[in-house]
2 protein chains.
Amino acid sequence: MEPDDALREALRLAVDPPGGVSIEALRELARDDDSTEWDIATTAAHLGVNPHTLRYYERIGLVCVPRDGAGHRRYDAAAVRRLVFLTRMRTSGMPISDLRHYIDLVDADRDTVSERMDMMLEHRDTLRSQIAQLQLALAATEYKIATYQKAPRP
Amino acid sequence: MEPDDALREALRLAVDPPGGVSIEALRELARDDDSTEWDIATTAAHLGVNPHTLRYYERIGLVCVPRDGAGHRRYDAAAVRRLVFLTRMRTSGMPISDLRHYIDLVDADRDTVSERMDMMLEHRDTLRSQIAQLQLALAATEYKIATYQKAPRP
DNA sequence: GCTTGCCTTTGAGTGCGCTCACACCTCTAC
DNA sequence: GTAGAGGTGTGAGCGCACTCAAAGGCAAGC
């Protein structure tokens, strides 16, 4: 299966109705536009996070961001790619400590592929049961809604 | 539509793949076994939460629990039903403050059906986009896994 | 009677993930 | 030149949702 097919397949599984994020966000993971050079405000806006958060992530060593002459951050493609990944993992509930560990593996000079793979496999399990939990909560919510619709004026 | 049909319909909307929790948990929402009389440890175990958390929920007025002669909590069917709902809403990310509001509506003596309905409708939207987000994260995770599988020894 | 264990209340503590305040710097526009 | 918008690093603060500690009550078993 080609990477692009994998992407499409993944997206097919995802659907995403309201919310705004779409295939664009996914593409970000795969693209390699080396001309990207964003300042912190632009980057934060694109990622939907607070600039403070970006500085915080850098402070704790999750990402390394080059500077311009004035010492201001210039987010290049590599930094943005990593941040897209990081924010996606964060919004899906992976704790910062795990991300630190993962990033340490990525940045290690030895071969850590299998360790990273294990982390991703575990996170996949977590995600799956999380989705199941949410779908259960959704069912409960739908049930309440149905109940309320049946008895509009009790 | 009979309650049981509503349940099934809700479940149909939910799918829930792996994860363990199933229609059992949903049934809990609808059943009315008035012989339920659990102590705090049993209740906590059934709900998968810390007994401290149950006391906390009661302290902040989310639920009202009768006592036995010794002053110990005896969770009856009504309390358990409410707690099942509450924990489901909590695990799906509804903040405590919203739950307080919702419970205030439930316990109000005026007709608050439409207000509660609005809250549930809004939460449904939240849940849907949350699920979409998670599916996106799952896609990203699958993508990483696929990448690692393709290059086991780089 | 005394220990053990589970319960009670209340106030205080914890951990996480930001988020802010502060003091300072560096451009651009007027 | 000076105001203003935006940036910098660092330490401290915050909000949430628990989670624990302390001091005590009750009931069963030895």
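All chains are named by letter (A, B, ...) in the order of the sequence lines, taking the proteins before the strands, and each is independently numbered beginning at 1.
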| request: Check the distance between D:dA17's C1' and B:Leu83's CG and give it to me in whole angstrom. | output: 16 Å

| request: Measure the distance from CE on A:Met94 to C1' on C:dC16 and round it to the nearest whole Å. | output: 16 Å

| task | Round to the nearest Å and state the distance from B:Leu62 atom CG to D:dA17 atom P. | result | 10 Å

| Quick one: A:Trp38 CH2 to D:dG7 P, roughly how many Å, whole number? | 15 Å

| message | Evaluate B:Arg82 against B:Leu86 for side-chain contact (heavy atoms from CB on, under 4.5 Å), listing each step before the verdict. | response | CA-CA 6 Å; B:Arg82 178 169 287 189; B:Leu86 289 172; 3.8 Å; yes

| query | Less than 4.0 Å between a side-chain N and a carboxylate O, is that true for B:Arg116 and B:Asp111? | reply | no

| Under 3.5 Å donor-acceptor, A:Arg81 side chain and A:Phe85 backbone | no

| message | Between C1' on D:dT8 and CG on A:Asp39, what's the gap in Å once rounded to a whole number? | response | 13 Å

| N or O in side chain of A:Arg73 less than 4.0 angstrom from D:dG7 OP1/OP2 | no

| task | Give the C-alpha distance, both sets of side-chain angles, the deciding distance and a yes or no for side-chain contact (heavy atoms from CB on, under 4.5 Å) between A:Leu138 and B:His123. | result | CA-CA 8 Å; A:Leu138 181 55; B:His123 189 55; over 6 Å; no

| said: When you measure from the centre of the six-membered ring of A:Tyr102, is the NZ or CZ of B:Lys144 closer than 6.0 Å and no more than 45° off the axis? | reply: no

| query | B:Leu99 CG to D:dC18 C1': how many Å, rounded? | reply | 14 Å

| 5'-most contact on DNA chain C: A:Pro95 or B:Arg67, nearest heavy atom basis? | B:Arg67

| query | Nucleotide by nucleotide, 5' to 3', does protein get under 4.0 Å of the base (B), only the sugar-phosphate (S), or neither (-) in nucleotides 19-30 of chain D, counting heavy atoms? | reply | BB----------

| field | A:Arg90 side chain near C:dG17 phosphate (N/O to OP1/OP2, under 4.0 Å) | value | yes

| task | Would you please test A:Arg67 and A:Arg73 for side-chain contact (heavy atoms from CB on, under 4.5 Å) and show each step? | result | CA-CA 4 Å; A:Arg67 306 297 148 109; A:Arg73 290 171 178 79; 3.5 Å; yes

| said: In this structure, how many angstroms lie between the C1' atom of C:dC16 and the CD1 atom of A:Ile60, rounded? | reply: 11 Å

| Side-chain N or O of A:Tyr57 less than 4.0 angstrom from OP1 or OP2 on C:dG17? | no

| request: Could you tell me the separation between the CZ atom of A:Arg55 and the C1' atom of D:dG9, rounded to a whole number of Å? | output: 9 Å

| task | Could you tell me the separation between the CG atom of A:Leu127 and the CD atom of B:Glu142, rounded to the nearest 0.5 Å? | result | 9.0 Å

